[in-house]
Amino acid sequence: MNIEVLGALDVRENGVRVTPTAPKPRQVLALLALHADQVVSVATLTEELWGGTPPRSARTTLQTYVLQLRELISGALEQGGAEHGDSRRTAKDVLVTVQGGYLLSSGGGTSDVKEFDRLTALGYEAMDAGDFQGAARQLRRALELWTGPAFADVQAGAQLRTEAKRLEETRLCALDRRIEADLRLGRHRDLLAELTVLVGRYPTHETLRGQYMLALHRSGRRSEALETYQRLRTTLVRELGLEPSVDLRRVQRQILAAGPEDAPEEPAVDAAADGAGAKGGGARSRDTRGVGSVDVGGARGSGATDGDGDRPLTRP
């Protein structure tokens with residue numbers, strides 16, 4: 001079974017699409033597909049379908065939706081069995097009834113969520129090792145799996161909405177780290193167009209704003225870097241009554257201290273460091289995201305604290 005949820009829902013058995021068009025069965029399949037090879041309880045499915053006010057016929061109706069899904073799966077299995085001469089697997093082997101719930105068996109197939117998790121783990125490990133080329137490559141591959149918001153064409157209930165938010169957060173984390181890796185490789189000019197769009201889409205996301213400031217400054221656009229900080233500060237103070245984070249303020253002070261004459265050139269990256277890490281790089285933990293510890297000049301510095309410590313920018 002091949003499962004895609006990072007965008008439109010697409011579930012295929014033997015290459016045959018088994019995604020229903022009816023909204024409720026589609027919700028059931030989406031939740032089962034996200035948790036493929038794991039039991040999803042009847043209670044969880046009921047909450048997804050009807051929230052806190054299920055009808056008296058909820059269990060019977062859910063069973064009807066499961067039967068409809070099995071009919072689609074059965075058709076795919078028959079088609080695949082005829083093509084490959086193998087019809088041993090049945091619909092009940094794929095969508096399994098277990099005590100208290102249901103399980104969708106992937107049969108060792110693919111899942112875009114699992115592949116995303118695998119690639120991001122490799123990317124984070126590469127970042128920890130100082131291998132910024134490898135990190136950027138793996139995280140870019142992970143992000144390319146997304147074709148739109150998770151469950152984009154599914155009428156989501158409470159469970160799927162929560163899962164979609166969780167998945168979006170993992171996407172933003174991977175995006176943060178991929179941009180950090182690209183900054184460390186001196187790709188600040190290449191990042192400007194992307195970061196311009198991102199800070200417009202996420203106007204109070206301080207990590208992205210700090211990365212945008214660094215990219216602008218390293219591209220010789222110091223005044224614009226300082227202006228984007230002031231715009232964010234105005235927004236935070238006016239709408240939330242908050243000042244920018246310590247880390248973002250540190251980036252602003254570093255840009256001010258650098259001066260216009262210090263607009264950096266491309267940082268040197270050791271060509272042999274693709275597997276061993278960029279020159280001067282060191283291990284970093286997965287949960288630290290790097291604007292606060294990336295020097296405004298492009299190379300990773302000693303982490304000037306300006307009296308505020310040396311924590312990286314974090315998402316608000």
Side-chain angles (χ1 to χ4, degrees), residues 116 119-146 171-202 205-229 232 247-248 250-252 254-255 258 260 262-284 286 288-303 312-315:
F116 176 79
L119 290 170
T120 53
L122 291 173
Y124 296 145
E125 289 173 6
M127 285 292 288
D128 291 345
D131 176 12
F132 306 124
Q133 292 275 12
R137 181 172 59 253
Q138 299 290 4
L139 292 171
R140 189 170 285 107
R141 287 177 61 199
L143 291 164
E144 286 171 354
L145 293 169
W146 288 73
R171 188 189 71 85
L172 283 174
C173 287
L175 183 62
D176 287 351
R177 301 306 299 275
R178 198 226 80 215
I179 292 172
E180 180 188 347
D182 282 337
L183 282 171
R184 291 179 179 279
L185 293 167
R187 296 170 178 165
H188 37 273
R189 289 185 178 89
D190 296 335
L191 288 169
L192 281 175
E194 180 183 13
L195 282 167
T196 299
V197 173
L198 288 171
V199 298
R201 186 177 299 162
Y202 306 101
H205 191 304
E206 294 188 68
T207 302
L208 291 173
R209 185 72 61 148
Q211 290 168 334
Y212 186 43
M213 291 167 62
L214 288 174
L216 285 168
H217 177 65
R218 293 179 189 173
S219 300
R221 295 162 64 176
R222 177 173 176 262
S223 63
E224 292 176 65
L226 295 172
E227 285 171 6
T228 194
Y229 171 84
L232 174 63
D247 299 296
L248 194 59
R250 183 186 305 120
V251 173
Q252 183 218 22
Q254 289 174 340
I255 293 173
D262 298 325
E265 298 178 355
E266 297 286 341
V269 177
D270 189 346
D274 194 359
K279 186 177 181 180
R284 307 192 61 220
R286 171 172 176 170
T288 57
R289 293 191 281 277
V291 175
S293 57
V294 178
D295 184 78
V296 294
R300 186 178 181 196
S302 59
L313 276 176
T314 54
R315 181 176 301 104

Closest contact, heavy atoms only, Leu192 versus Ser219 | CD1-OG, 3.5 Å
Would you indicate whether the side-chain heavy atoms of Leu143 and Arg171 approach each other to under 4.5 Å?
-> yes
Closest heavy-atom contact between Met213 and Leu248?
-> SD-CD1, 3.8 Å
Heavy-atom closest contact (Ala174 atom, Phe116 atom, distance) | CB-CZ, 4.1 Å
Would you say the side chain of Val251 lies within less than 4.5 Å of the side chain of Arg209, judging by non-hydrogen atoms?
-> no
So OG1 of Thr196 and CG of Leu216: to nearest 0.5 Å the spacing works out to 7.0 Å
Test item: Leu119 and Leu139 side chains (from C-beta on) under 4.5 Å apart, heavy atoms = no
Pick one: which of Arg187, Arg177, Arg137 meets salt bridge (charged side-chain N to carboxylate O under 4.0 Å, His left out) with Asp182?
-> Arg187
Shortest non-hydrogen separation from Arg178 to Leu191 and the atoms involved = NH2-CD2, 3.3 Å
Measure the CG-CZ distance between Leu208 and Arg201 for me, rounded to the nearest 0.5 Å.
-> 10.0 Å
Mind checking whether Glu180 and Asp176 have side chains closer than 4.5 Å, heavy atoms only?
-> no
Taking NZ, NE, NH1 and NH2 as the nitrogens, is one of them in Glu144 or Arg140 under 4.0 Å from a carboxylate oxygen of the other?
-> no
Side-chain heavy atoms of Tyr229 within contact of Ile255, under 4.5 Å | no
Closest contact, heavy atoms only, Ala135 versus Ala181 = CB-CB, 4.3 Å
